[in-house]
Amino acid sequence: EAQVTQNPRYLITVTGKKLTVTCSQNMNHEYMSWYRQDPGLGLRQIYYSMNVEVTDKGDVPEGYKVSRKEKRNFPLILESPSPNQTSLYFCASRDTGEQPQHFGDGTRLSIL
Amino acid sequence: LAKTTQPISMDSYEGQEVNITCSHNNIATNDYITWYQQFPSQGPRFIIQGYKTKVTNEVASLFIPADRKSSTLSLPRVSLSDTAVYYCLVGDSGGNNRLAFGKGNQVVVIP
């Protein structure tokens with residue numbers, strides 16, 4: 001089954017404790033993105049990648065890092081999480097051309 | 001990067017046709033218009049995509065005027081299960097994955 005898989009689905013942690021949210025897709029898609037969703041603000045792109053080793057900043061990249069060492073994986077790294085990064089995070093992938101995005105089920109992060 | 005503007009919310013009665021508008025005044029020549037549906041605690045799901053004029057699939061129609069500065073998603077005969085947030089997205093289908101969602105339109109279907 002074609003899917004985008006995020007882990008963990010839920011995480012409660014404390015300020016400053018490094019964490020990684022993994023994202024994996026099995027559709028051989030070139031493009032991947034990370035979004036955060038906050039009430040009243042919709043979905044905002046954090047980082048995106050157009051291929052292996054090619055990443056770029058989206059609208060809200062501060063406090064986040066990403067890597068794309070393999071085509072299928074696109075982890076989101078919070079080196080020193082802060083409470084303002086408490087949010088619902090979505091990973092998405094899509095093929096090249098005018099192809100729509102496929103989204104994961106989301107990761108709810110709470111930073112205390 | 002093209003920004004999108006949508007009404008915040010709208011209500012509709014079951015069985016009616018619902019038209020949801022999106023404004024994208026600075027859409028670029030290469031940009032396609034894509035609509036997604038999102039239920040609570042789920043990732044957005046693709047509904048329909050178009051470049052110009054009218055596109056129809058099994059669940060919706062998308063109307064895009066000649067100037068492409070706006071678009072309208074039409075859902076025929078909505079049911080309670082169509083209650084969701086609807087997002088329009090304008091983005092380059094070519095070599096750029098830089099995408100900007102708007103704040104979405106909460107559609108509530110009333111029995």
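Hydrogens, waters and symmetry mates play no part in the numbers below; they use all other heavy atoms, side chains included. Just so we're on the same page: letters track the sequence lines, and every chain starts at 1.
- For the atom pair CG of A:Leu88 and OG of B:Ser41, the computed distance is 7.0 Å after rounding to the nearest 0.5 Å.
- Within the 6.0 Å centre-distance limit, the rings of B:Tyr36 and A:Phe103 are counted as a close aromatic pair.
- Heavy-atom minimum distance, A:Leu43 versus B:Phe101: O-CB, 3.4 Å.
- Heavy-atom pairs under 4.5 Å with chain B peak, among A:Gly40, A:Ser49, A:Ala92, at A:Gly40.
- The hydrophobic cluster containing A:Leu76 also contains A:Leu19, counting ILVMFWY residues as joined when their side-chain heavy atoms lie under 4.5 angstrom apart, directly or transitively.
- A continuous path of hydrophobic side-chain contacts links A:Trp34 to A:Leu109 [ILVMFWY only; heavy atoms under 4.5 Å].
- Among A:Gly106, A:Pro100, A:Ser33, the residue making the largest number of heavy-atom pairs under 4.5 Å with chain B is A:Pro100.
- Other residues, nucleotides and ligands contribute at most 12 non-hydrogen atoms within 6.0 Å of the NZ atom of B:Lys103.
- At a 4.5 Å heavy-atom cutoff, B:Ile8 makes no contact with chain A through either its backbone or its side chain.
- Summarising the local packing, CD1 of A:Ile12 is surrounded by 12 or fewer heavy atoms from other residues, nucleotides or ligands at distances under 6.0 Å.
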Exercise for the section: Output, in order, the C-alpha distance, side-chain angles, deciding distance and verdict of side-chain hydrogen bond (donor to acceptor under 3.5 Å, both in side chains) for B:Gln38 and A:Gln37. Expected result: CA-CA 12 Å; B:Gln38 186 181 27; A:Gln37 185 170 39; 2.8 Å; yes
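- With rounding to the nearest 0.5 angstrom, the CG atom of B:Leu89 is 6.0 Å from the CD atom of A:Gln101.
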